[in-house]
Amino acid sequence: MLNEFQQKAVLLPNKNALILAGAGSGKTRVLTSRIAHLCQKQRISPQSILAVTFTNKAAREMRERVEQLLGYSTRGMWLGTFHGIAHRLLRQHAQELGFDRHFKVLDQDDQLQMIKRLVAHLNLDDRLYAPKYLQHYINAKKDEGVRAESLNDKSVDQEVIRLYQAYELRLKADNALDFADLLLCANELLTHNEVLRSYYQKRFQYILIDEFQDTNTIQYKWLEKLYSGDNTVMAVGDDDQSIYGWRGAKVENIQKFIDDFGEVEVIRLEQNYRSTQIILDAANAVITNNIDRMGKTLWSEKERGEQIAFYEAFNERDEADFIAGRIYNLWKNEHLTLKDIAILYRSNAQSRVIEEALLKEGVPYRIYGGVRFFDRAEIKDALAYLRLMALKSDNLAFERIINTPTRGIGAKTLEVIRDYAADYDLSLWHAAKAVIERKLLSSRALKALSEFINMIEELSEYIDTLTLEDLMRLVLEKSGLLRSYEAGKSEKSQQKLENLKELVNAASEFIPPVEDVETNEARLLEFLSFAVLESGEMQADENIDSVQMMTLHSAKGLEFPYVFMTGLEDGLFPSSRSIDSPKKLAEERRLCYVGITRAMAKLTLSYSKVRHQYGDINYQIKSRFLHEIPDDYIKSVRTSVKKSETPSFGISPFEFLKKNTPDSAFKTGDFVNHTKFGIGVFLKSEGEGDERLYHIDFKAGGGKKVLLAKMAKLSKL
DNA sequence: GCCATGTTGATTTTT
DNA sequence: TCAACATGGC
């Protein structure tokens, strides 16, 4: 069942190991079999195992599969995401770190809000100090393990550092941690507390880490803390699939692991069980162009397989149309299941035209990504009520809901409260109460404000008596959230209403990840953390058979019999922001490798000569990655539209251009593409020897077709 | 507090 | 281009 190398990894005696697991090489199987082997054959208690993943989804999957293999629950085993495990550690040992056990976790959105407020508070110009940039800067520093107080960065405006410091103080005052803090604090906990460190080092006899190429500096440090020399670490990863460098992941950690962890057994999993040989050959051919690889060549026992299809589209509409047409054909004529088909793209903006084309063909699709369940505004509003109820000093929650739904508390009132809070160093909640007591507002505002305060206090009283589910219901009711959406008849309001109902559901199904949750309050706090740490896919229509559309990044870890990789154009993929940095380019190439290796049976590549971007027309050139795939793996597919199907305007495109373009000097016209939307033409200008690209597009305007000629950006051909 | 209008900026994303 | 966000008038 397991091949030689997989088996070696699973059965490995007590020794640190690095499993270099190529795409589709059965990595998860090895990991789960390893855990099962330890429990069953080695009689290791699940308590002694720590298994870390990056996403909740991966963690869930792993737990399920281990339990399937073992036939019993693995509840005692620490298996989760880096953040989830850090969170658990911190909840358990908050005292030792000197902070309140009831800390809350800020998500990206909360974090950004807080930074925005600080920027305003410090009177900084938000154009010079863009909150988004500051957020990125702070997170990057934290991911490297650098706190504000020990930061010495001369390369950056000192105001930025001051803001970072202010932000840290704010967090502390609010008893809040951001995502990076979870890791950072957990690391500090293990660094400073020897007793705990040695306890966990003894406890976790076996540490397994998935997706090692995605670990960042702080995660690596964290692992070092848990390693005593007596326990063993198995790191599983693939340097060729490292695509998250831009958010702090360090591929180098793989090499570093080999260097730092004593004698490390390196096992390569190179047999691929997913793709045909030709797809693997293409992937190998591309990735070979990267230097500094650990080195790995995928092979397959599968047949050579179908050639890779390649379509050269005239514009992005043509590209989309081609894809939609092909899929329609696979669906209706070859009776393929749509969920076996994926459309991958580099940037989300590309999805739109493709959606339109699929819609036109009547092909159902599902787009991955977008706003996650717990990130939706209405959900966060509802949760903010719970947050404020649980902890009155939660300023972010306070600001979020004080006037949501609107209850006549405006900016003016809030301003008074904020000033009061600042003057007397109070939380907004307590400031609001004082403002009421001292009658510092108009009677109308006072009334609205005290009604709000009373409502929250009244709701808080139910925390101890009601179940989470009922509490949630009551909050939705009393807060007026339900009412405000019931009033709206739009599709949007209805959807929001649905989501809120789903939230009650989520509350009823919630099982705390730790055992020692006894009080209702503790349960509530766990639920709130859960909502932040597990943003949750919860996409609708999961059951409808549909084409899967997603970015190349979110395709990692997935596989599909049919894969369409789109927009293979320099400047788009690889992204224009990457082409002049070898390091970034290498990451783009890995992304390409990831994309190709998603395909099991058939890969179709496409690029578009013309692409509308940011409101203008760009002439695109083929992605350099396309050139890296040997020609004989590729079969060009002809245009999806016959010449006879292109619209006729009673005048030849050539004549039309001659009449309508300023460039009267051109001599020849070569029709590059006929599409349902128009015709692309390359024209040679006199003299310079440059070529220009013209684009004839038509639009249905007032029932009749209108010819439009647009000149695309001039570019070297 | 809500609506209309102007401005800006635009890979990739999990926790 | 286009959508998110901020600003200003009622």
Side-chain angles (χ1 to χ4, degrees), chain A residues 52-59 80-87 105-112 116 120 126-127 130-133 135-136 139 142-143 177-184 186 211 214-216 218-219 242-249 316 344-353 368-372 374-375 377 403-414 444-445 448 484 529-537 550-557 567 569 571-579 584 587-588 590-592 594-595 611-618 710:
Chain A
V52 195
T53 62
F54 267 84
T55 65
N56 290 299
K57 198 175 152 203
T81 63
F82 276 103
H83 296 266
I85 285 166
H87 178 256
V105 183
L106 301 189
D107 65 15
Q108 295 261 259
D109 195 45
D110 295 330
Q111 186 186 37
L112 187 62
K116 274 185 186 163
D126 63 1
R127 278 179 310 189
K132 279 250 170 70
Y133 158 76
Q135 181 182 30
H136 179 82
N139 285 336
K142 286 194 171 189
D143 285 343
L177 300 181
D178 59 30
F179 283 128
D181 274 333
L182 291 173
L183 303 171
L184 213 46
E211 307 279 18
D214 289 338
T215 51
N216 62 28
I218 194 74
Q219 286 158 340
S242 161
I243 55 174
Y244 287 112
W246 52 275
R247 63 177 202 214
E316 73 278 1
L344 310 182
Y345 35 79
R346 177 65 237 266
S347 75
N348 288 305
Q350 288 169 254
S351 72
R352 208 157 121 175
V353 248
Y368 278 61
V371 198
R372 282 152 199 288
F374 286 110
D375 285 342
N403 201 31
T404 309
T406 51
R407 48 174 69 90
I409 304 174
K412 213 39 185 291
T413 305
L414 198 53
R444 213 165 81 177
S484 75
S529 286
F530 167 80
V532 176
L533 292 173
E534 158 97 49
S535 48
E537 301 246 332
M550 67 194 82
T551 62
L552 286 152
H553 281 90
S554 34
K556 197 175 87 164
E569 299 142 36
L572 182 64
F573 187 32
S575 141
S576 56
R577 291 172 135 94
S578 306
I579 41 185
K584 286 183 182 167
E587 181 155 311
E588 295 277 314
R590 294 193 288 267
L591 189 57
C592 184
V594 166
R611 187 172 292 273
H612 295 130
Q613 274 171 320
Y614 309 138
D616 57 15
I617 296 175
N618 285 83
K710 287 183 186 166

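Letters A, B, ... are given to chains in the order of the sequence lines, protein chains preceding strands, and every chain is numbered from 1.
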**Message:** When you measure from the side-chain N and O atoms of A:R352 to the phosphate of C:dC2, is any distance below 4.0 Å, counting only OP1 and OP2?
**Reply:** yes
**Request:** Take the protein atom CG of A:D107 and the nucleotide atom P of B:dT15, then report the distance between them rounded to whole Å.
**Result:** 12 Å
**Request:** Report the nucleotide, chosen from C:dA6, B:dT13, B:dT15, that has the shortest atom-to-atom distance to any side-chain atom of A:K116.
**Result:** C:dA6
**Message:** For a quick check of understanding: with a heavy-atom distance under 4.0 Å over all strands, which category does A:D214 fall into, base, sugar-phosphate or nothing?
**Reply:** nothing
**Request:** Check the pair A:F374, A:V532 against side chain to side chain contact (heavy atoms under 4.5 Å, CB included), reporting the backbone distance first and the verdict last.
**Result:** CA-CA 7 Å; A:F374 286 110; A:V532 176; over 6 Å; no
**Fill in**
A:R590 atom CZ is separated from B:dT11 atom P, nearest whole Å, by 20 Å
**Asked** Between the main-chain N or O of A:D110 and the side-chain N or O of A:D107, is there a donor-acceptor pair closer than 3.5 Å?
**Response** yes
**Item:** A:T406 side chain near B:dC2 phosphate (N/O to OP1/OP2, under 4.0 Å)
**Value:** yes
**Prompt:** With sugar-phosphate meaning primed atoms plus P, OP1 and OP2, does A:Q613 contact a base, only sugar-phosphate, or nothing at under 4.0 Å between heavy atoms?
**Reply:** nothing
**Message:** In this structure, how many angstroms lie between the C1' atom of B:dT15 and the NZ atom of A:K57, rounded?
**Reply:** 15 Å
**Prompt:** Within the structure shown, what part of the strands sits under 4.0 Å from A:S554 by heavy-atom distance: base, sugar-phosphate, or nothing?
**Reply:** sugar-phosphate
**Electrostatic pair A:E588:A:R346 at N-O distance under 4.0 angstrom** = yes
**Asked** Hey, does A:L344 reach any base, or is it just sugar-phosphate, or nothing, if we go heavy atoms under 4.0 Å?
**Response** nothing
**Prompt:** With respect to the phosphate group of B:dT11, does any side-chain polar atom (N or O) of A:R346 fall under 4.0 Å of OP1 or OP2?
**Reply:** no
**Message:** Restricting to non-hydrogen atoms, name the atom on A:D214 and the atom on A:A249 that form the minimum distance, rounded to 0.1 Å.
**Reply:** O-CB, 3.4 Å
**Asked** A:Y614 near the nucleic acid: base, sugar-phosphate alone, or nothing, with a heavy-atom cut-off under 4.0 Å?
**Response** base
**Request:** Please determine which of A:Q613, A:R611, A:H612 meets the side chain to side chain donor-acceptor pair (under 3.5 Å) test together with A:E316.
**Result:** A:H612
**Request:** Grab the CG-P distance between A:L183 and B:dT15 for me, whole Å please.
**Result:** 12 Å
**Request:** Take A:L572 and A:Y345 through the side chain to side chain contact (heavy atoms under 4.5 Å, CB included) test and state the conclusion after the steps.
**Result:** CA-CA 9 Å; A:L572 182 64; A:Y345 35 79; over 6 Å; no
**Prompt:** Has A:N348 got a side-chain N or O lying under 4.0 Å from the OP1 or OP2 atom of B:dT13?
**Reply:** yes
**Request:** Please tell me which of A:E588 and A:F54 maps to the more 5' nucleotide of DNA chain B, matching each residue to the nucleotide holding its nearest heavy atom.
**Result:** A:E588
**Message:** Once you apply a heavy-atom cut-off of 4.0 Å, does A:T55 come out as touching a base, just sugar-phosphate, or nothing?
**Reply:** sugar-phosphate
**Message:** Need one value for A:Q111: base, sugar-phosphate or nothing, where a base atom within 4.0 Å counts as base even if backbone is also close, heavy atoms only.
**Reply:** nothing
**Message:** Using whole Å, what does the distance between atom P of nucleotide B:dT15 and atom NZ of A:K142 come to?
**Reply:** 19 Å
**Prompt:** Once you round it to whole Å, what is the distance between P of C:dT1 and NE2 of A:H612?
**Reply:** 9 Å
**Prompt:** Closest to the A:Q108 side chain: B:dT12, B:dA10, B:dT15?
**Reply:** B:dT15
**Message:** Taking the P atom in each of C:dA3 and B:dT12, what is the distance between them to the nearest angstrom?
**Reply:** 15 Å
**Asked** Is A:Y244 stacked on the base of B:dT13, meaning ring centres closer than 5.5 Å and planes within 30 degrees of each other?
**Response** no
**Request:** Please state how far atom CZ in A:F573 lies from atom P in B:dT12, giving the value in whole angstrom units.
**Result:** 13 Å
**Prompt:** How long is the line joining CG of A:N139 and P of B:dT12, in whole Å?
**Reply:** 18 Å
**Message:** Between B:dT11 and C:dA4, how far apart are the two P atoms, rounded to whole Å?
**Reply:** 15 Å
**Request:** On DNA chain B, check which nucleotide each of A:N403 and A:K584 is closest to and give me the residue with the more 5' one.
**Result:** A:N403
**Message:** With no hydrogens and no angle check, just 3.5 Å: does a side-chain donor-acceptor pair link A:Q111 and A:Q135?
**Reply:** yes
**Request:** Respond yes when some side-chain nitrogen or oxygen of A:S578 is under 4.0 Å from OP1 or OP2 of B:dT11, and no when none is.
**Result:** no
**Message:** Categorize A:R611 for me: base, sugar-phosphate, or nothing, with a 4.0 angstrom heavy-atom threshold over every strand shown.
**Reply:** nothing
